Number of protein chains: 2
Amino acid sequence: MITFFREKLQEKGLKVTPQRVAIYDAIVKLNNHPTAENVIEYIKANHPNISVGTVYKVLDSLVENNLLKKVKTEKDIMRYDAVLSNHHHLYCAETDRIEDYEDEKLNAIINDYFNANLIKNFRVQDIKLQITGKFTNTIK
Amino acid sequence: MITFFREKLQEKGLKVTPQRVAIYDAIVKLNNHPTAENVIEYIKANHPNISVGTVYKVLDSLVENNLLKKVKTEKDIMRYDAVLSNHHHLYCAETDRIEDYEDEKLNAIINDYFNANLIKNFRVQDIKLQITGKFTNTIK
DNA sequence: CCCTAAATAAGAATCATTATCTTTGAAGAA
DNA sequence: TTCTTCAAAGATAATGATTCTTATTTAGGG
């Protein structure tokens with residue numbers, strides 16, 4: 001996982017720094033679409049003097065280089081996702097809990113639909129479902 | 001349109017104030033999913049001394065009372081939508097332009113799919129498609 | 001091992017949004 | 001119509017996430 005990340009960084013011409021590795025690692029480990037704040041808190045244990053600005057800058061550059069994805073929510077706090085495969089999100093507005101939802105069959109149906117029904121004046125690049133509702137289990 | 005809004009306010013036990021009418025009117029007239037800032041600027045012409053806090057407070061309470069909807073974007077600025085019918089959004093990341101996309105046939109397909117394929121541990125309340133891509137026409 | 005551009009740290013600055021507290025005014029009651 | 005009252009608006013301070021600035025450090029190629 002970390003090796004993959006190191007390789008990706010080099011591929012993009014980005015230096016492999018302990019901060020970048022720690023931040024990426026935090027997103028993967030936290031795995032519940034953490035905020036920048038969550039990442040900072042998590043990292044503080046092993047990197048007590050990492051700078052807040054660095055975290056934001058690293059998150060930004062990783063998103064720009066397609067190593068992370070931003071997650072949209074109702075709130076004005078940005079959240080991040082290390083899962084890059086094409087997936088959707090289950091979102092509970094009450095608890096702000098977000099889970100990944102992968103469904104190849106659904107993707108196929110949607111792709112077929114949009115291939116058969118082009119949108120006037122718009123070229124589709126990506127389609128994401130925001131599935132809002134309630135989780136019926138407790139936090140895993 | 002404004003009459004509809006007045007009635008809705010009364011229905012919810014909210015007072016009909018010039019500010020609320022002006023803010024709602026601005027969202028409808030601007031009609032391109034404006035930010036709070038956009039609304040303030042637009043309103044300033046007729047209400048030079050409306051307070052910024054009031055605009056945010058009104059937007060919040062209108063969202064809470066289902067007279068407006070929040071629109072999620074990649075950016076950390078909240079945007080608002082007066083169109084309440086079940087619709088999706090076409091979004092261009094480059095220009096931040098957002099257009100409504102209504103498609104009953106698509107909604108039916110998606111609803112059928114999720115009725116036939118329940119998600120474990122999750123009760124779906126609403127599904128929105130975030131369709132990202134590029135507009136091939138100019139701003140209307 | 002050195003060099004240099006890239007990256008980080010520290011902390012100030014910004015910007016959207018929220019909170020506080022006083023004043024105003026919408027709308028039901030008299 | 002006027003009075004009363006509580007919700008709403010105004011002014012502005014505060015907050016909190018994010019961005020910017022500048023000096024310092026460091027990854028990694030030569």
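Each chain gets a letter, A, B and so on, in the order the sequences are listed, and its residues count up from 1. The model shown is predicted, which means the values in this text are computed figures rather than measured ones.
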message = Near DNA chain C, counting only heavy atoms under 4.0 Å, which residues of residues 12-25 of chain A show up?
response = Leu14(A), Lys15(A), Thr17(A), Gln19(A), Arg20(A)

From [atom1] of [X] over to [atom2] of [N], roughly how many Å is that when rounded to an integer?
X: Leu62(A); N: dT8(C); atom1: CG; atom2: C1'; value: 14 Å
X: Lys57(A); N: dT21(D); atom1: NZ; atom2: P; value: 11 Å
X: Tyr56(B); N: dA19(C); atom1: OH; atom2: P; value: 13 Å
X: Lys44(A); N: dT8(C); atom1: NZ; atom2: P; value: 15 Å
X: Asn38(A); N: dT18(D); atom1: CG; atom2: P; value: 10 Å
X: Leu9(A); N: dA7(C); atom1: CG; atom2: C1'; value: 12 Å
X: Ile50(A); N: dA7(C); atom1: CD1; atom2: C1'; value: 11 Å
X: Glu41(B); N: dC15(C); atom1: CD; atom2: C1'; value: 16 Å

Position toward the 5' end of DNA chain C (nearest nucleotide), Val58(A) or Val52(A) = Val58(A)

Residue whose nearest DNA chain C nucleotide is more 5′ - Gln10(B) or Thr54(B) = Thr54(B)

query = Of the nucleotides dT18(C), dA17(D), dT8(C), which one has an atom closest to the side chain of Glu37(A)?
reply = dA17(D)

ask   = Do the charged groups of Lys128(B) and Asp126(B) touch, with an N to O distance under 4.0 Å?
value = yes

Pair Lys44(A) + Glu41(A): basic N to acidic O under 4.0 Å = no

note = The bend of the helix from dC1(C)-dG30(D) to dA30(C)-dT1(D), taken between the axes of its five terminal pairs at each end and rounded to 10°, is 30°

request  = Could you walk me through whether His33(A) and Asp100(A) pass the side-chain hydrogen bond (donor to acceptor under 3.5 Å, both in side chains) test, one step at a time?
outcome  = CA-CA 9 Å; His33(A) 312 83; Asp100(A) 290 337; 2.7 Å; yes

ask   = Atom CG of Asn86(A) and atom CD of Glu102(A): how far apart are they, to the nearest 0.5 Å?
value = 8.5 Å

Pair Tyr42(A)-Asp25(A), side-chain hydrogen bond (donor to acceptor under 3.5 Å, both in side chains): steps then yes or no = CA-CA 10 Å; Tyr42(A) 181 88; Asp25(A) 184 55; 4.6 Å; no

query = Strictly by modelled atom types, are His87(A) and Asp103(A) linked by a side-chain donor-acceptor pair under 3.5 Å?
reply = no

request  = Looking only at non-hydrogen atoms, find the nearest pair between Ala26(B) and Ile43(B) and report the distance.
outcome  = CB-CG1, 4.0 Å

message = Please verify the inter-ring angle class for Tyr24(B) with Phe4(B); under 30° counts as parallel, over 60° as perpendicular, anything in between as tilted.
response = tilted

query = With a cut-off of under 6.0 Å to the ring centre and 45° to the axis, is Arg97(A) in cation-pi contact with Phe135(A)?
reply = yes

Distance-only donor-acceptor test, Ser51(B) side-chain atoms vs dA9(D) base atoms, 3.5 Å = no

